Amino acid sequence: MDATLQYLLDLLDLEPIEQDIFRGASHPSVIPRVFGGQVAAQALVAACRTVPPDRLPHSLHSYFLRGGDPGAPIVYTVDRIRDGRSFTTRRVVAVQHGQPIFHLSASFQLPEPGLEHQEPMPEAPDPETLPGGEEVLHRYADRFAHPAVAELLLEARRAVDLRYVAEPPFATAGERREPRSQVWFRTNGKLDGERDDPMLHICLATYVSDMTLLDSVLLAHGRGGWAVGDVVGASLDHAMWFHRPFRADEWLLYDTESPTSGGGRGLARGRIFTRDGRLAVSVIQEGVVRVPRREQD
């Protein structure tokens, strides 16, 4: 297994402290706070540890309350809200330095048959025809606010093979584009043996879901992003619905768009499709997207 993927799996393998209390480490981030996808994925892992393995997450709703300290561990406390015949509900609070930084509610369901329909998968080129993330980041390294940003981004994403369908926001800063973004992604390595767990695939997709979701907001205004330094922002809330089984180690298309922004906030919604066209996950997030103070003066 790729060493960087193993590092990510270790990051998601929380340490049990007491019943329903877990501790997680943090991963260095491009911005001076814990990456939101990490906190969301770890909180979901904590919830999953208290649920029977035959019940998988079907939705999560969460709020980012404070910026996490990447130099300190995070403690996750799980409340067992409800254990029903078909559904199970858990609430998780992530705490650092005595203060809550993140709150998540997740619902789990026993598999059952039901009515089926879905939106069709949008058109997208095959992922093998697209440049890898390392190539793209090095190509546009001169656009970033600091020379070290490209390497920091690579380090943060090294466990994931993420390929942009069109140029990312940092490549076309200053040019307004359609508020839509697409990326293909999969883990850098296969999950097999005891690692091949449907819950782990869901938690890994949760981790990746926060990486590029707000790109569509940036594209609408010709902004390059936090790495470029032409916006200031952070995730506010994050919601996901898991519709159908999928594998995080096989190609998934993440199609995102932004219907609106205003009041210093931007809304983005995304759909994650398997390569054979099944709609696997829906995502919605609102984030702070502010113009830097120097532009307001």
Side-chain angles (χ1 to χ4, degrees), residues 30 35 37 118-144 149-150 153-154 156-189 201 204-228 230-231 233 235 238 240 243-244 246-261 266-285 287 289:
V30 179
F35 168 53
Q118 69 160 73
E119 294 179 302
M121 181 178 179
E123 292 186 5
D126 291 337
E128 291 86 359
T129 66
L130 302 172
E134 184 171 357
E135 178 183 340
V136 172
L137 287 170
H138 282 148
R139 184 189 305 166
Y140 298 107
D142 60 338
R143 310 287 179 93
F144 297 129
V149 167
L153 275 170
L154 278 173
R157 299 179 176 183
R158 208 174 293 276
V160 179
D161 189 347
L162 190 150
R163 305 191 180 193
Y164 290 92
V165 170
E167 300 288 12
F170 54 77
T172 59
E175 174 189 342
R176 292 177 182 264
R177 293 162 53 189
E178 179 186 3
R180 184 180 180 190
S181 175
Q182 289 182 323
V183 295
W184 286 99
F185 73 88
R186 66 179 178 184
T187 58
N188 270 321
H201 288 276
L204 286 165
T206 301
Y207 179 87
V208 178
S209 67
D210 192 39
M211 284 186 176
T212 61
L213 184 52
L214 292 180
D215 281 4
S216 54
V217 179
L218 303 177
L219 292 171
H221 302 277
R223 298 283 167 166
W226 301 270
V228 173
D230 58 2
V231 294
S235 302
H238 194 82
M240 302 181 72
H243 310 301
R244 294 171 180 83
F246 63 89
R247 298 186 61 90
D249 58 1
E250 296 180 353
W251 286 117
L252 297 167
L253 178 67
Y254 196 10
D255 181 82
T256 66
E257 62 178 356
S258 175
T260 186
S261 65
L267 184 69
R269 55 194 179 201
R271 301 173 299 168
I272 298 177
F273 291 87
T274 61
R275 193 166 185 176
D276 61 1
R278 290 176 294 117
L279 177 58
V281 188
S282 295
V283 191
I284 294 182
Q285 181 181 105
V289 183

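Only this structure's heavy atoms are used, side chains among them; waters, hydrogens and symmetry mates stay out. Just so we're clear, the structure is a prediction, and the values are computed from it rather than from any experiment.
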Report task. With rounding to the nearest 0.5 Å, note down the distance linking CE in Met240 to CD1 in Ile272. Result -> 5.0 Å
Query - For Arg143, all residues meeting side-chain hydrogen bond (donor to acceptor under 3.5 Å, both in side chains), sequence neighbours excluded - result: none
Report task. Write down the atom of Leu218, the atom of Gly225, and the distance for their closest heavy-atom approach. Result -> CD1-CA, 3.6 Å
Query raised in the report: Considering only heavy atoms from C-beta outward, does the side chain of Arg271 approach that of Pro122 to under 4.5 Å?
Result: yes
Report task. Please answer whether the main-chain N or O of Glu128 pairs with a side-chain N or O of Trp184 as donor and acceptor at a distance below 3.5 Å. Result -> no
Query raised in the report: Can you tell me how far CZ of Arg223 sits from OG of Ser261, rounded to the nearest 0.5 angstrom?
Result: 11.0 Å
**Report entry** Heavy-atom check, side chain of Ser209 versus side chain of Val281, under 4.5 Å
**Finding:** no
Report task. Mind listing the closest non-hydrogen atom pair of Val283 and Leu213 along with its distance? Result -> CG1-CD2, 3.7 Å
Query raised in the report: Got a sec, which pairs hit salt bridge (charged side-chain N to carboxylate O under 4.0 Å, His left out) with one end in residues 166-185, sequence neighbours left out?
Result: Arg180-Asp255
Requested in this report: Taking Ser258 for its side chain and Leu267 for its backbone only, find out whether a donor-acceptor pair lies under 3.5 Å.
Outcome: yes
Requested in this report: Measure the shortest side-chain to side-chain distance between Gln118 and His243 over non-hydrogen atoms and say whether it is less than 4.5 angstrom.
Outcome: no
Query raised in the report: So do Pro169 and Leu219 actually touch side chain to side chain, heavy atoms under 4.5 Å?
Result: yes
Query raised in the report: Taking it one step at a time, do Trp226 and Leu214 satisfy side-chain contact (heavy atoms from CB on, under 4.5 Å)?
Result: CA-CA 11 Å; Trp226 301 270; Leu214 292 180; 4.0 Å; yes
Query - Heavy-atom side-chain contact between Asp161 and Trp251 under 4.5 Å - result: yes
Report task. With the side chain counted from C-beta on, respond yes when Arg158 and Asn188 share a heavy-atom pair under 4.5 Å apart, and no when they do not. Result -> no
Report summary line: Taking every heavy atom of Val217 against every heavy atom of Ala268, the minimum-distance pair comes out as CG2-CB, 4.4 Å
Query raised in the report: Phe185 versus Leu204: any side-chain heavy-atom pair under 4.5 Å?
Result: no
Query raised in the report: Should the heavy atoms of other residues, nucleotides or ligands under 6.0 Å from CD of Glu135 be counted, would the total exceed 12?
Result: yes
Query - Minimum heavy-atom distance Ala280-Phe246, with the two atoms named - result: CB-CD2, 3.8 Å
Query raised in the report: Just how far is it from atom CZ of Arg275 to atom CZ of Arg247, taken to the nearest 0.5 Å?
Result: 15.0 Å
Query raised in the report: Would Gln285 and Ser235 count as having a side-chain donor-acceptor pair, cut-off 3.5 Å?
Result: yes
